[in-house]
Structures are given as C-alpha cells and as structure tokens.
There are 2 protein chains.
Amino acid sequence: MAVNTQFSIAVHMMATLGVGCERNGEMTSSELAESVNAAPSFVRRVLSKLSKAGLVQTRTGKSGACSLAKKAKDITLLDIYEAVEAPKAFAIHSYPNQKACRVSCNIKHTMEKVLDKTQASMEQSLAGHSLAELVNEMKKP
Amino acid sequence: MAVNTQFSIAVHMMATLGVGCERNGEMTSSELAESVNAAPSFVRRVLSKLSKAGLVQTRTGKSGACSLAKKAKDITLLDIYEAVEAPKAFAIHSYPNQKACRVSCNIKHTMEKVLDKTQASMEQSLAGHSLAELVNEMKKP
DNA sequence: TCGTACTGTTATCTTAAAAGTAACAGTCTA
DNA sequence: TAGACTGTTACTTTTAAGATAACAGTACGA
C-alpha cells in the first residue's frame, strides 16, 4: 500500500470515538489502534494531528485518554480531511519550463486552475457530511 | 515521486495535440514526449490507453503519428481521467473484519458510500471542462 | 515521591506503487 | 525490403507511505 489511507483511518478513529461504546467516549490510543487495526504508533501520530486541529481532546499521564473535542454533528469530514493533511487528489507533474512551446508555457497555470476547482468541489462534498451522520448510520442494527 | 501524474501528463499530451501547432495536429510519440518532458516509452504507454479509450487516433508503421480522435470540444477531462485509469482520490484501509465491535463492522460500508459520493462530485467537476477550454485558454497570448 | 500507564515525538526500516529505462515485436510506406 | 514509427512487456530505480520501535514528557495514585 503506497496509497494514502490516513484519511480513512482518521475517519474510522473519529467514528469509533463518536460511537463511544465504553467510558463515555474515552479511549486510549492502544484501544483505538486495536479497533482500527493499525499500528499504535501510527494511530498516535494521526491522533496528534487531530488533536492539534482541535477535533479530539487528549489527556496525558496515567489514565490518559482521547475523546471528541466537539459534538459529532459539529465535525465535518472536511475538518478531518484537513486535519490529517491528506495529499491533494491530483498532482501536476513538474516541468523544466520548456523552451519555445506555447503549450508547455501555459498549461501548468491552466491545469492548476482546473484542478483547483476540482479539488474544491471535492472538499465541498466532504463538508456536506458530518461525523454524526456516520455515527448514526453505524448505530443502526 | 510516488504520486500519480499520469492524469496530468495525459491532459498535457491531449492539449498539445489539440493546439496542434505543426502538421494539423499530428505528432509522433517522441515529439510528444519531448514536449511533455517525460520518457518516450511512458508517453507511449499513456498514449496507448488514450487510444484504446478512443480519444486519440494513431497510425502505425513508417510515418506513423498521433492526433485527436474527436474535436477538442467533445472531449472532457473526465474522459481523459477515465482513460488513464487514475487511482481513486481516496483509498479505504483494509480490515480483517474485527470481532465484536459494531463500528468496525459497519464503518467500511458507510465510508464507501460517502467516499463514492465524493468521488462522484469530483468526476462531475471534471466532466464540466472540455479539452477545448484548455486549448483556448492556452492559445491566449 | 516514585512507579506506572499513558501521550507525544522522532528516527529508522520495510514495502509497494509509480515512473524511468530499454529492448523488441508488429506495422506500414516509401 | 529497409527504415521509421507504434505497441507491449520486462526490468530497474525512486520515493513516499506505513510499520516498528525506542524514548522523552506527563500526571495519577498508591
């Protein structure tokens, strides 16, 4: 896997915290790691980003734990996407700025404009879904 | 670079063919490769996909060449995106289907639903731009 | 107050996918 | 029929993601 799964893992973690079967939504990173099926250290790294973005609260020290920092309905998938700094959907290849060809000279800028729009529309779609939606969906029998 | 630049390269190639400065839009793969600044063989591989998707015409044999198979205005960026089979914008991490946890059991399906929507909105955005738009943009001084 | 059980961070190793490279088979035309 | 293309495949290199592990920092509680 060289594909980026951080976003998907982050959403899973947040959803797990949101459902919060045990101890009113508080879990340790190891518990989370087990639930998400990823390395504990990797989970902690993602957790750290989520925490810096103000999406989860953490308590250090003995009996430390993590929990959502806001209500699930106030967290969108875009928040999570931005928090984990997932890579852009598209990459533009690099040019050494070709000599005389008009295409090479202009395409980069043109491409960027189009891809930015596309990226924006994707992010808007993510913004349209709250974590609460997922949690509710998952609480169904 | 482990990021996928095939889409961006394909668009560049198509745009170059669309502008078609020389020989009414016909170019050899080596010319294209030079213009796009990528390995000729890689260009040919991408070209092959575009050709299979019916976006470019190729002529084999001596004095072979490539050109657009349709008018630029009838080719959308989505066509190109689909032709090169670029990876999905998001990947879902794999689970060994956790035991008792309701979250693990349901989240995969729920995530897929959401991410499919997101992917769709992105593709719709791509569908909204024709190659002709890019070409015109680039012909500007 | 000291050990313990956490979080948070960093450094290093492993792995997988993308792009680069090259070689060659197939095709056509001049 | 030789030469200049396309089309394909096999192999190598590169790079970024994820796994792993080790350790520093923090707070609780016995």
Side-chain angles (χ1 to χ4, degrees), chain A residues 1-10 12-13 17 23 26-34 36-67 69 83-96, chain B residues 1-10 12-13 17 23 26-34 36-67 69 83-96:
Chain A
M1 263 193 295
V3 289
N4 188 302
T5 57
Q6 274 192 56
F7 174 64
S8 131
I9 284 181
H12 189 157
M13 285 164 51
L17 288 175
R23 304 200 312 273
E26 294 206 332
M27 301 182 73
T28 68
S29 58
S30 327
E31 285 169 335
L32 259 182
E34 196 188 351
V36 173
N37 192 49
S41 186
F42 182 55
V43 166
R44 284 210 293 271
R45 228 179 315 165
V46 175
L47 214 40
S48 160
K49 289 181 184 174
L50 292 171
S51 154
K52 274 172 188 153
L55 301 181
V56 303
Q57 286 176 321
T58 58
R59 213 176 39 239
T60 58
K62 185 163 179 175
S63 84
C66 317
S67 56
V84 297
E85 296 163 319
K88 290 276 186 292
F90 296 114
I92 297 187
H93 61 296
S94 53
Y95 308 78
Chain B
M1 261 191 296
V3 288
N4 188 301
T5 58
Q6 275 191 55
F7 173 64
S8 130
I9 283 180
H12 190 158
M13 286 163 52
L17 288 173
R23 303 200 313 275
E26 294 205 333
M27 301 182 73
T28 68
S29 59
S30 327
E31 286 169 333
L32 259 184
E34 196 187 351
V36 173
N37 191 50
S41 187
F42 182 56
V43 165
R44 283 210 292 271
R45 229 179 311 166
V46 175
L47 214 39
S48 160
K49 290 181 184 174
L50 293 171
S51 155
K52 274 172 188 151
L55 300 182
V56 304
Q57 285 177 320
T58 59
R59 215 175 39 238
T60 58
K62 186 164 176 172
S63 85
C66 318
S67 57
V84 297
E85 297 164 316
K88 290 277 186 291
F90 296 112
I92 297 189
H93 62 296
S94 53
Y95 307 78

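Protein chains get the first letters and strands the later ones, always in sequence-line order, with residue 1 at the start of each. Quick caveat, the model's predicted, so the values are computed rather than measured.
Rounding to whole angstrom units, CG of residue B/L50 and P of D/dT8 are separated by 13 Å. For A/I9 and D/dG18, the CD1 to C1' distance is 8 Å, given to the nearest whole Å. Remark: P of C/dA5 and NZ of A/K62 are 6 Å apart, rounded to the nearest angstrom. If you measure from atom NZ of A/K49 to atom C1' of C/dT10, you get 14 Å, rounded to the nearest angstrom.
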I'd like a table of donor-acceptor pairs (distance under 3.5 Å, sequence neighbours excluded) in which one partner is a side-chain atom from residues 43-57 of chain A, with atom names and distances.
| unit_1 | atom_1 | unit_2 | atom_2 | d |
| --- | --- | --- | --- | --- |
| A/K49 | NZ | A/Q6 | OE1 | 3.0 |
| A/K49 | NZ | A/V84 | O | 3.4 |

Name the pairs: protein N/O against N/O of nucleotides 7-9 of chain C, kept only if under 3.5 Å.
| unit_1 | atom_1 | unit_2 | atom_2 | d |
| --- | --- | --- | --- | --- |
| C/dT7 | OP1 | A/S29 | N | 2.7 |
| C/dT7 | OP2 | A/S29 | N | 3.4 |
| C/dT7 | OP2 | A/S29 | OG | 2.3 |
| C/dG8 | OP1 | A/T58 | OG1 | 2.5 |
| C/dG8 | N7 | A/R44 | NE | 2.9 |
| C/dG8 | O6 | A/R44 | NH2 | 2.9 |
| C/dT9 | OP2 | A/S48 | OG | 2.8 |

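Between A/I9 and A/A38, the shortest heavy-atom contact is CD1-CB, 4.3 Å. The heavy-atom pair separating B/C66 from B/T58 by the smallest distance is SG-CG2, 4.2 Å.
A sub-4.0 Å separation between OP1 or OP2 of C/dA18 and a side-chain N or O of B/Q6 is absent.
In this structure, A/F42 and A/S63 both approach DNA chain D, and ranking their closest nucleotides by distance from the 5' end singles out A/F42.
With A/T5 contributing its side chain and A/S8 its backbone, the two residues share no donor-acceptor pair below 3.5 Å.
Residue B/L32 holds its CG atom at 5.5 Å from CE of B/M13, rounded to the nearest 0.5 Å.
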